[in-house]
Structure formats: structure tokens, C-alpha cells
2 protein chains.
Amino acid sequence: MPTDHTRSAILSAAERLYADRGFADVTLRDIVAAADVNLAAVNYHFGSKDELIAELFVTRSLATNRERLNELKEAEAVGGGRADVEAILRALVGPTVRGCLGPNNERSTAARFMIRASIESVPPIRRIKNREIDHLRKFSAAMRRSLPDRSEVDLYWGLHFALAMAHQTIRDSERLSKWSEGTCDLNDVEGIIDRVVAVSAMALAGSEPAKASAKLVAREAR
Amino acid sequence: MPTDHTRSAILSAAERLYADRGFADVTLRDIVAAADVNLAAVNYHFGSKDELIAELFVTRSLATNRERLNELKEAEAVGGGRADVEAILRALVGPTVRGCLGPNNERSTAARFMIRASIESVPPIRRIKNREIDHLRKFSAAMRRSLPDRSEVDLYWGLHFALAMAHQTIRDSERLSKWSEGTCDLNDVEGIIDRVVAVSAMALAGSEPAKASAKLVAREAR
DNA sequence: TTGCATTTCAAACGCATGTATGAAACTATG
DNA sequence: CATAGTTTCATACATGCGTTTGAAATGCAA
């Protein structure tokens, strides 16, 4: 007999419905019907619809962030305080990609909910995402320790690109799948992570500043 | 004296309001008030709210696609039918980035509208985006001509990552700006394009298949 | 001008939504 | 058992939305 049965029934029904059908066309009435509770229960337990959504998103975000930080800490422990570049990147993008991609029938409701949250940007979630930066700072700090000679700018761009590739692959996996006519295997989660990590590691470690400035000159000469 | 004054007044008012405040909280009543026309005019001229949004988005998309294809054609003309990898990538990401980033006060309403369209995913726009693949196919074809020895999979992933970096930089420019505490200059549009092109060109041309399979073995041995 | 088609307008419709209310049912403590 | 606190419930409220209506205004050809 679970404490607060109603509350958790609402949470799980809401998560499932939002994951399946998106935020736009799921109403409180849909949720309470699925949860088999009274309409007023949502406002009683959560205050408002937005606070319900926020609670769902915060819970899942915290879980992902915890996973990321665990991987990061482990990588830094192995390297004696200075983690490998690829390990940092893997800690950053791995948990999210693993959670959100893979065979359809294996994707958890939680993961599908997070995909929705990233596709349909809804006010309560946007507000929370804005506070995500403190968490990211831990990764830029780790990267700074790992590549002390690299310029700050390059570090940020490298991490940003890693997140961009991972995130956009999750958002747009369907488009890539159609575009490539199935050539790109979106179910090979670890392969995808490898690709993202490899490309962003190259971006971080590979290019010499000389090339960049040469390009700059070429452009300005135009 | 423009023909169909009402129609175009609605279009430009709607574009400006959507650009400024997002799709979520701009109503038809807001639009007709800004355009100084009657409420019923929207349905008379466009049929529905969704069709109005669709028309706005289609117009702007076509313009961007045209720009992209012009750059691509030019690049292929220079190379005698076989464009340079970097030129293809530049044609793909350049127009969008140029349109959507840069100093705030220089960004056109059209560009800000397209940013909104990419951040807040709304049904009529989603439907249109799904037909975008035919356009992308021209770029994968060009890339295939440019890198005939490269595997199909790598080509698609490379192009996808290029779009991912460009797109996500536009979407999340604010986050990167805060995260890097202003270190990353989001106003340096051409510099951003250079970075995106450089990284994705490296991804396309750089890594040898040997490394990838080595990684695969390492992972499976784990 | 007459007559017809197009466009504008004020007003209302219908509906779905999130939220509030107040009574009833339940739970647990003394 | 009694009673105070919590939770559930049916129901109603208020509002804002996109859309429709039908009449008035306007433009334009004959």
C-alpha cells in the first residue's frame, strides 16, 4: 500500500501521456482519467498543472545529472584528478543518449518524456532549463583541467558542439533515419555515442590555431 | 497602395509578434489588433490560424532553401561538378546561421521568426518540416560526388552533425553565452560558421575507419 | 446608376481549458 | 467513540480561444 497513492498515480499517468502524445494535447482531464482520480486532485496535490509538469521534469533531470556526474567523477578518479577528454565527453552525452535512443520498445517512459520535453518547449520546463548552467560548469571545469593549454573559447565550443550533436540526434532521429533511408542505425546507441565523442574530441584536441587564423585572414581578404 | 493590404498587414504583424513573444501566447486577437484589421479577416484570408502560421513558415523556408541551393550550385560550378567538402557544408549551414545569429539589433524579424519556429515546435510547422528531406537529399548527393570513397553512413552522419551544431547554436545561443560568460562571441557569425564547417569537415574527411573499429572492439571487450 | 462580387465588420457561438468551491468520505489520534 | 485533520469528489466557474455568421461597406464592370 503506497503512501499517497493518488499523487503517484497522477505522476505516472501524466508522464506516460505526455511521453506518448506531447504536452500540447494532453489535458488535466486526460490525466485524471488515466490515473483514475478526481480532477481536483491535481490542484490539491501539485497546486497547478505547471507545477505538475515541473515536478516531472525536475525529477528526471536530477536523475540524468546524477548519472553524468557519477561518470565524470569516476573518469577523474581513474586519471588522478585529470580525466581523459573522451571520458569527459562520454560522461556528458552518454547518459542522455542512452536514455533517449535505442530500440523503440525498450525506451522507458521516462526517456520518452524527456524527448518530448526537449522537442516541445513548454514554459515551466524552459524556466527550469535555465538553471542548468551550474551543472554544465562542472564539465567545463573538468575539461579545463584536462586541457590546460587549450583556450577557454575552444573548450566551450567543443563541449557545446558535443551537446549539440547528441541533443539534435535525439530530437531529430526520425529525420536522419528517413534522410539516410535507414543507413544510419539509430538503435546502435553506443555507436552513436562513439561518433559524437570522436567528433567532438577531434574538435577539442585536433585543430591547430594556425589554421583558424589562416581562415580568418582569407575571409577578411575577401 | 498595395494590393491586398489587409492580407499583408496580417502577415507582417503576425511574424513580428510571433518573433517577439513566441507562438504560445500570441492570439489571433493580438495579431489583428497589431495589424489594425478585423478579427474575422484572418479566417477570411487564410482559412485558419494554422494556415496563417504555415504560410509564414513556408515563405521563409523557401527563401532559406533557395539561398542554400544557390551556394551549393555555385560551389559545384567552381569545382566542375564536384564541390569542395567545406563549400558544401558552408552552403548547408551558412544561410541559416547568418540569418539567425549576429548582433541583436541587426537580426531581421524574419530571422527571429525562424528562431522561434525552431525553438517552439508547433503542429503546422512540424508538418512542413517533415517534407524538408527532399531538399536535404541534394546535399547528401553533392557530398557523395565530392567524397565518392567515403561510406554512405559517414556522409549522412557528417551532414547531420553539421546541421546539429548549427541549429543547436542558434537555438541555445543564450545558454552558450551564459555558460562561457561571454567568452564565446555569438555575434561573430562568420567565425561560428567557420567552426561548424571545420569540425564537420574533420568528421567527414578526417577519421580513419580503423580507429572506429578499434573502438568497437574495445567496447565489446568490456 | 444598377447590379454583382469581394471584402470588412461587430457580434456572438461553442467549446475546452485550468481552477475554485464546499460538502462528503476517510483516517488517525485521543 | 468522538473529533480534528486530511483527502476525495461532483460540480460549477470564469475565461480565453478559434471560428462562424450575416449584415454592411466597398469596389468595379456594364
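In this text the structure is predicted, and so the values were computed from the model without any measurement. Chain letters run A, B, ... following the sequence lines, proteins first, then strands; residues in each count from 1.
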Any side-chain heavy-atom pair of H167(A) and T96(A) under 4.5 Å: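 Answer no - side chains too far apart.
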
Is there a side-chain contact between L204(B) and E86(B) in this structure, where contact means two heavy atoms from C-beta onward sitting under 4.5 Å apart? no

Just checking, any donor-acceptor pair under 3.5 angstrom between side chains of R171(B) and S118(B)? no

Side chains of H160(A) and T169(B): any donor to acceptor distance under 3.5 Å? yes

Between atom [atom1] in [X] and atom [atom2] in [N], what is the gap in whole Å?
X      : N       : atom1 : atom2 : answer
R7(B)  : dT6(C)  : CZ    : P     : 15 Å
N43(A) : dT17(C) : CG    : P     : 14 Å
H45(B) : dT7(C)  : NE2   : C1'   : 6 Å
D4(B)  : dT7(C)  : CG    : P     : 6 Å
L39(A) : dG18(C) : CG    : C1'   : 8 Å

Heavy-atom pair of closest approach, residues C100(B) and A111(B): SG-O, 3.9 Å

Working to the nearest 0.5 Å, report the span between CD1 of I193(B) and CG of L89(B). 12.0 Å

Quick check on contacts: within residues 21-31 of chain B, what sits under 4.0 Å from DNA chain D by heavy-atom distance?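 Hits under 4.0 Å, by residue number: T27(B), L28(B), R29(B).
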
Greater than 12 external heavy atoms within 6.0 Å of D36(A)'s CG: no

Is the distance from OP1 or OP2 of dA10(C) to the nearest side-chain N or O of N38(B) less than 4.0 Å?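 For dA10(C), OP1/OP2 do have a side-chain N/O of N38(B) under 4.0 Å.
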
Return the orientation label for the F23(B) and F113(B) ring planes: parallel under 30°, perpendicular over 60°, tilted otherwise.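 F23(B) and F113(B): perpendicular rings.
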
First-last contacting nucleotides on DNA chain D - partner chain A, under 4.0 angstrom, heavy atom: dT6(D) to dA12(D)

Is A40(A) touching bases, backbone alone, or none of the nucleic acid, heavy atoms closer than 4.0 Å?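 Base contact.
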
